[in-house]
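What follows is a short report on a single structure.
Counting starts at 1 for both ligands and their atoms, following the listed order. Everything quoted here is computed from the prediction, not taken from an experiment. The figures that follow rest on heavy atoms only: side chains count, while hydrogens, waters and symmetry mates do not.
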Amino acid sequence: MTTQTDPLILGIESTCDETGVALVRGGTLLADRTATSMDEYARYGGIIPEIASRAHLESFLPTMEAALAEAGVELNEVDAVAVAAGPGLVGSLTVGICAGKALASALGVPIYGVNHVLGHLAVDELVDGPMPEKFIGLVVSGGHSNLLLVNDLATDVVELGGTLDDAAGEAFDKVGRLLGLPYPGGPHVDRLSQEGDREAIRFPRGLAAGKDKERYKYDFSFSGLKTAVSRYLKALEVEGTEPNAADICAGFSEAVNDSLTAKAVRACLDHDCDTIVVGGGFSANSRLRQLLTERAEAAGITVRMPPLRFCTDNGAQIAAMGSQLARAGVAPSSWEFSPDSQMSLEHMSMP
Ligand code: KG4
Ligand code: ZN
């Protein structure tokens with residue numbers, strides 16, 4: 001829902017390799033532009049923070065100009081700036097925060113240093129309309145796999161659980177590396193898994209049985225699974241058998257997504273919620289989308305998943321988060337805040 005009196009928010013995302021700038025009024029997206037330095041990392045097999053920081057510096061102003069032009073607004077019409085304050089890479093965050101503070105100060109408007117991960121859920125409002133009263137948030141990205149009880153995205157988020165080791169995207173990237181796929185491996189493993197047989201190889205599900213199942217009700221563990229894939233590949237190598245990469249990816253993907261979806265549905269039922277909102281780069285995963293839809297439907301739960309373009313890091317998620325905070329009357333951040341690379345998921349914005 002949007003009214004003309006809702007503030008016009010300029011959102012800045014620079015947590016990792018994407019430089020995103022977007023304009024949002026209320027729950028309406030006016031423009032969203034992204035530049036990425038991802039192509040520079042394929043040869044290193046991972047992000048190089050110094051290259052990413054420099055790329056943000058180079059891309060920020062052109063990306064902002066393009067977003068303003070797309071929205072058809074002038075910079076001086078902006079009512080508040082929202083910038084990702086964390087979690088993320090400190091150098092990358094610093095570039096976005098510097099830019100955001102300079103803009104807000106020059107324009108004489110407030111700034112919100114917002115939680116980038118919660119932004120992955122907030123972006124859903126721009127697509128599916130006002131957020132439900134209370135919902136379970138499943139955040140799945142390169143760095144996070146968390147279940148959140150969201151009573152209000154602007155004021156009240158409770159972390160129910162998360163991964164004890166690797167995040168889902170990280171596990172996919174590691175298995176991609178084991179199979180010799182290009183970085184980042186996640187989308188490649190996903191593509192291959194769609195050609196494989198999910199039942200051919202049964203890999204272990206972490207924290208799914210015995211005492212662990214109760215003790216770590218809403219937590220995940222994917223590192224044992226990655227080790228199982230590694231062992232499986234080594235055993236084939238010793239035998240001199242060529243691995244069937246599609247079946248390995250399908251079996252591995254099934255194990256990850258079985259855990260994520262079973263626990264998300266359980267959290268929803270346990271907390272009397274009727275909606276799961278999914279966000280983060282890994283929510284592009286085809287099997288996650290399919291299995292979660294199936295299981296949620298069977299349990300009478302609605303699933304809200306942003307379209308693929310909003311799954312990876314983008315300015316819209318930051319502007320959407322800023323818009324939630326501004327409309328809820330949350331105090332803006334002070335001028336002194338700096339990046340928080342480990343920002344807690346229960347902290348919506350910097351004080
Ligand atoms: O949220 P995001 O863009 O960055 C972080 O904030 O972490 O997530 C990136 C992660 C990477 O690990 C990438 O491999 C993974 O999401 N990813 C996927 C897929 N698309 C992106 N993993 C599995 N299947 C996909 N289709
Ligand atoms: Zn992200």
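Distances from the Zn ion (ligand 2) to each N, O or S atom of Asp313 single out OD1 as the nearest.
Checking Val303, Thr302, Ile301, Asp274 one by one against Cys268, the side-chain contact (heavy atoms from CB on, under 4.5 Å) holds for a single residue, Ile301.
A distance below 6.0 Å separates the ring centres of Tyr232 and Phe203. In this structure, Phe172 has its ring center under 6.0 Å from that of Phe252.
For the residue pair Ser338 / Glu336, no side-chain donor-acceptor distance below 3.5 Å is found, with atom types taken as modelled. Side-chain atoms of Arg295 and Thr261 include a donor-acceptor pair closer than 3.5 Å. Checked by atom type, the side-chain pair Asp313/His120 shows a donor-acceptor distance below 3.5 Å. Between the side chains of His56 and Thr19, at least one donor-acceptor pair of N or O atoms lies under 3.5 Å. Between the side chains of Ser286 and Asp190, at least one donor-acceptor pair of N or O atoms lies under 3.5 Å. Between the side chains of Thr312 and Glu18, no donor-acceptor pair is found at a separation under 3.5 Å.
In this structure, His116 is part of the shell of residues with a heavy atom less than 4.0 angstrom from ligand 1. Under a 4.0 Å heavy-atom criterion, His120 is in contact with ligand 1.
Of all atoms in ligand 1, numbered sequentially from 1 with element shown, those under 4.0 Å from a heavy atom of Gly143 are 7 (O). Listed by atom number, the atoms of ligand 1 under 4.0 Å from Gly169 heavy atoms are 12 (O).
Counting heavy atoms only, Gly186 comes closest to atom 18 (C) of ligand 1 of the residues Gly119, Gly186, Pro184, Gly88.
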### Task
For side chain to side chain contact (heavy atoms under 4.5 Å, CB included), just list the numbers for Met348 and Val157, CA-CA rounded to whole Å, side-chain angles, deciding distance to a tenth of an Å, and then say yes or no.
CA-CA 8 Å; Met348 281 48 82; Val157 175; 3.7 Å; yes

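From the protein, the heavy atom lying nearest to atom 13 (C) of ligand 1 is Asp173 OD1, 3.8 Å. Regarding atom 17 (N) of ligand 1, its nearest protein heavy-atom neighbour is Gly281 O, 3.8 Å. The protein non-hydrogen atom at the shortest distance from atom 4 (O) of ligand 1 is Asp313 OD2, 3.4 Å. For atom 26 (N) of ligand 1, the nearest non-hydrogen atom of the protein is Asp190 OD2, 2.9 Å. Atom 19 (C) of ligand 1 has as its closest protein heavy atom Pro187 N, 3.9 Å. Scanning the protein for heavy atoms near atom 7 (O) of ligand 1, the closest one is Gly142 N, 2.7 Å. Considering only non-hydrogen protein atoms, atom 22 (N) of ligand 1 sits nearest to Phe282 CD1, 3.3 Å.
Taking backbone and side-chain atoms together, His116 has an N/O/S atom less than 2.8 Å away from the Zn ion (ligand 2). Residue contact annotation: His120 places an N/O/S atom under 2.8 Å from the Zn ion (ligand 2).
For Asn285, a nitrogen or oxygen atom sits less than 3.5 Å from a nitrogen or oxygen atom of ligand 1, counting backbone and side chain alike.
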